[in-house]
**Q** 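Got a structure for you, written out below as structure tokens; questions coming shortly.
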Amino acid sequence: MRSEILQLLRQHKEISGEEISRRLGISRAAVAKHINVLRDMGYVIEASPRIGYSFISAPDLLSAAEILPHLAAPVWQIRYEQQVDSTNRRLLIAAEDGADDHTVLIAEAQSAGRGRFSRVWHSEAGQNLLLSLLLRPDLPPHIAQTMTLTAAVAVAEALNKRGCPVGIKWPNDILDAHGRKLCGIRCEMHCDMESVDYVIVGIGINVYQEKFPAEISAIATSMHQVSGETAPRAEIAAAVLDAFEENYQLLCAEGFAPIRAKWLEYNCCVGRRLTVTDERQAPQTGLCCGIDEQGYLLLETAAGVTRITGGDIIL
């Protein structure tokens, strides 16, 4: 109900409690109660006798009420939490319980966030974007597994359009021009040999964070540090969700080929010598030749071109 009240307040320069009551079918006392809750959340809403309520400003929240007005494609069912252990973990549970395709869980903070290889993802509460997407694609597993690279393309597109120049390090790290990381992506897929039940795409973007733990302070950054970003996080979240939806539909309609072409445009690996580390085998060093039709890294070494299916890259 509070979302509907916010929508009415935003649509009208001034609107009376009586008019809100009539339109939403609730009592004026209920309207006043909801208005007070919204004020407690940080919304500035003025009230004048015989005039009614006036919407002045909104807090920097990531609720559905703040994100939906900015979405070009309102296909997402947004769930919002102040704090969770992990957005991916919570959405995995929701997926097993039958949550719908295109459900997105967004949190202000998480206590047990994880990146690739279960590494800790550090994020200050209320400073960044922490979201996980639930997709139930009608795709074979070998195409669905490229969702990680698809998400990386979407984030790179969204941030570059906002004037935050970034590139992609294989497979899915988003880096600034100095090689500092400002976004990580973690995908988890539940499938059998022939079909996909669901995919969870977890995205963590540093937006306004200025301080990072000592162990990553030299290699981490944020949108604000890179480009001076000042927009509400809800606007940035909407840009990322719209970019993801556009690329996801392209993946579903045409396969990985057009996503691969976009990934190559944004990549910061091709043509560079790099080292791939993997706990399962010795490090490999060579010239990056790109990625193949399944999204695997192609590394030219003294032994020829090697197909890398996993590991860490050192540029």
**Q** Within the side chain of Thr150, is there an N or O that forms a donor-acceptor pair under 3.5 Å with the backbone of Thr146?
**A** yes

**Q** Indicate the atoms forming the closest heavy-atom contact of Ala158 with Ala239, along with that distance.
**A** CB-O, 3.7 Å

**Q** For a 4.5 angstrom cut-off between non-hydrogen side-chain atoms, does Pro137 reach Tyr248?
**A** yes

**Q** I need the minimum non-hydrogen distance between Trp170 and Gly311, along with the two atoms involved.
**A** CZ3-O, 4.1 Å

**Q** What closest approach, in Å, do Ile313 and Cys269 show between heavy atoms, and which atom pair accounts for it?
**A** CD1-SG, 4.3 Å

**Q** Kindly work out whether a path of hydrophobic side-chain contacts (I/L/V/M/F/W/Y, heavy atoms less than 4.5 Å apart) joins Ile35 to Val44.
**A** no

**Q** Take Ser132 and Asn88 through the test side chain to side chain donor-acceptor pair (under 3.5 Å) and record every step on the way to the result.
**A** CA-CA 6 Å; Ser132 292; Asn88 262 33; 2.5 Å; yes

**Q** What heavy-atom pair brings Leu62 and Ala234 nearest, and what distance separates the two atoms?
**A** CD2-N, 3.7 Å

**Q** Verify side-chain contact (heavy atoms from CB on, under 4.5 Å) between Lys181 and Thr221, making sure each step is shown before the conclusion.
**A** CA-CA 6 Å; Lys181 183 174 176 178; Thr221 189; over 6 Å; no

**Q** When you check the gap from the basic side-chain N to the acidic O, do Arg22 and Glu19 get nearer than 4.0 Å?
**A** yes

**Q** Are any non-hydrogen side-chain atoms of Leu149 and Asn172 less than 4.5 angstrom apart?
**A** no

**Q** Residues two or more places apart in sequence or in another chain: which of them pass salt bridge (charged side-chain N to carboxylate O under 4.0 Å, His left out) with Arg273?
**A** none

**Q** Do Leu182 and Met223 have side chains that get closer than 4.5 Å, going by heavy atoms?
**A** yes

**Q** Would the distance check show the side chain of Asn247 and the main-chain N or O of Ala243 forming a donor-acceptor pair, the cut-off being under 3.5 Å?
**A** yes

**Q** Could you tell me whether the side chain of Asp40 and the main chain of Val37 form a donor-acceptor pair under 3.5 Å?
**A** no

**Q** Is it true that Arg260 and Glu265 make a salt bridge, defined as a side-chain N closer than 4.0 Å to a carboxylate O?
**A** no

**Q** Ring centroid separation for Phe244 and His102, is it under 6.0 angstrom?
**A** no

**Q** Rounded to the nearest 0.5 Å, what separation is found between the CG atom of Leu139 and the CG atom of Leu135?
**A** 9.0 Å

**Q** Hey, does the side chain of Asp197 reach the backbone of Cys191 with a donor-acceptor pair shorter than 3.5 angstrom?
**A** no

**Q** Please report the C-alpha distance between Leu61 and Glu108 in whole Å, then the side-chain angles of each, then the deciding distance to 0.1 Å, and finally whether the side-chain contact (heavy atoms from CB on, under 4.5 Å) criterion is met.
**A** CA-CA 8 Å; Leu61 295 178; Glu108 296 287 349; 3.8 Å; yes

**Q** Checking the side chain of Asp176 only, and the main-chain atoms of Gly179 only, is there a donor and an acceptor separated by less than 3.5 Å?
**A** yes

**Q** Would you kindly confirm whether Ile45 and Ile51 end up in one hydrophobic cluster when ILVMFWY residues are joined by side chain heavy atoms under 4.5 Å apart?
**A** no

**Q** Could you tell me whether Asp192 atom CG has more than 12 heavy atoms of other residues or ligands within 6.0 Å of it?
**A** yes

**Q** Taking atom CZ of Arg79 as the centre, does the number of heavy atoms from other residues, nucleotides or ligands within less than 6.0 Å exceed 12?
**A** no

**Q** Are there over 12 heavy-atom neighbours, none belonging to Arg2, within less than 6.0 Å of that residue's CZ?
**A** no

**Q** Could you walk me through whether Glu4 and Arg23 pass salt bridge (charged side-chain N to carboxylate O under 4.0 Å, His left out), step by step?
**A** CA-CA 10 Å; Glu4 288 81 356; Arg23 292 196 183 200; over 6 Å; no

**Q** Cut-off 3.5 Å, side chains only: do Asp85 and Ser111 have a donor facing an acceptor?
**A** no

**Q** Grab the two heavy atoms, one from Phe256 and one from Ile143, that are nearest each other, plus how far apart they are.
**A** N-CD1, 4.5 Å

**Q** Considering only heavy atoms from C-beta outward, does the side chain of Cys183 approach that of Asn206 to under 4.5 Å?
**A** no

**Q** With heavy-atom distances below 4.5 Å as the criterion, would you say the side chains of Ile5 and Leu8 are in contact?
**A** no

**Q** With a 4.5 Å limit on heavy-atom distance, are the side chains of Leu9 and Ile20 in contact?
**A** yes

**Q** Measure from the side-chain N and O atoms of Asp173 to the backbone N and O of Gly184, and report whether any donor-acceptor pair falls under 3.5 Å.
**A** no

**Q** Are any side-chain N or O atoms of Lys169 and backbone N or O atoms of Cys268, one a donor and one an acceptor, separated by less than 3.5 Å?
**A** no

**Q** Any side-chain heavy-atom pair from Leu315 and Arg272 closer than 4.5 angstrom?
**A** yes

**Q** Checking side-chain contact (heavy atoms from CB on, under 4.5 Å) for the pair Leu274/Leu287: CA distance, chi angles, key distance, verdict?
**A** CA-CA 6 Å; Leu274 49 84; Leu287 183 71; over 6 Å; no

**Q** Find out whether Leu133 and Leu241 are in side-chain contact, i.e. whether some heavy atom of one side chain is under 4.5 Å from a heavy atom of the other.
**A** yes

**Q** To the nearest 0.5 Å, tell me how far Arg28 CZ sits from Ser21 OG.
**A** 7.5 Å

**Q** Find the distance between CD1 (Ile203) and CZ (Arg186) and round it off to the nearest 0.5 Å.
**A** 14.0 Å

**Q** Asp60 side chain to Pro232 main-chain N or O, any donor-acceptor pair under 3.5 Å?
**A** no

**Q** When rounded to the nearest 0.5 angstrom, what distance separates CD1 in Ile236 from CD1 in Ile205?
**A** 8.0 Å

**Q** Check residues 293-303 and write down every donor-acceptor pair under 3.5 Å in which the side-chain atom is one partner and the other belongs to a residue at least two apart or another chain.
**A**
unit_1	atom_1	unit_2	atom_2	d
Gln294	OE1	Arg307	NH2	2.5
Tyr296	OH	Gln145	NE2	3.2
Thr301	OG1	Ala303	N	3.2
Thr301	OG1	Gly304	O	3.2

**Q** Given Tyr198, which of Glu96, Glu188, His190 fulfils the side-chain hydrogen bond (donor to acceptor under 3.5 Å, both in side chains) condition?
**A** Glu96

**Q** Are Leu91 and Val240 in one and the same hydrophobic cluster, where Ile, Leu, Val, Met, Phe, Trp and Tyr link if side-chain heavy atoms are under 4.5 Å apart?
**A** no

**Q** Find the distance between CD (Gln110) and CZ (Arg90) and round it off to the nearest 0.5 Å.
**A** 10.5 Å

**Q** Under 4.0 Å between a side-chain nitrogen and a carboxylate oxygen: does that hold for Glu66 and Arg10?
**A** yes

**Q** Among Ile200, Ile78, Thr87, Leu134, find the residue that satisfies the side-chain contact (heavy atoms from CB on, under 4.5 Å) test when tested with Leu105.
**A** Thr87

**Q** CD of Glu194: more than 12 outside heavy atoms within 6.0 angstrom?
**A** no

**Q** Can you tell me if Asn128 uses its side chain to pair, donor with acceptor, with the backbone of Val207 under 3.5 Å?
**A** yes

**Q** Rounded to the nearest 0.5 Å, what's the gap from CZ on Arg233 to OH on Tyr208? Could you check?
**A** 8.0 Å

**Q** Provide the closest heavy-atom pair for Gly310 versus Val276 in the form atom of the first, atom of the second, distance.
**A** O-CG1, 4.1 Å

**Q** When you measure from the side chain of Ser222 to the backbone of Gln209, do you find a donor-acceptor pair of N or O atoms at a distance under 3.5 Å?
**A** yes

**Q** Test side-chain contact (heavy atoms from CB on, under 4.5 Å) on Tyr266 and Asn160; report intermediate values, then the result.
**A** CA-CA 10 Å; Tyr266 287 111; Asn160 276 284; 3.5 Å; yes

**Q** Using the rule that Ile, Leu, Val, Met, Phe, Trp and Tyr join whenever any side-chain heavy atoms are under 4.5 Å apart, tell me whether Val75 and Leu68 fall into a single cluster.
**A** yes

**Q** Going hydrophobic residue to hydrophobic residue with side-chain gaps under 4.5 angstrom, can you get from Ile168 over to Ile314?
**A** no

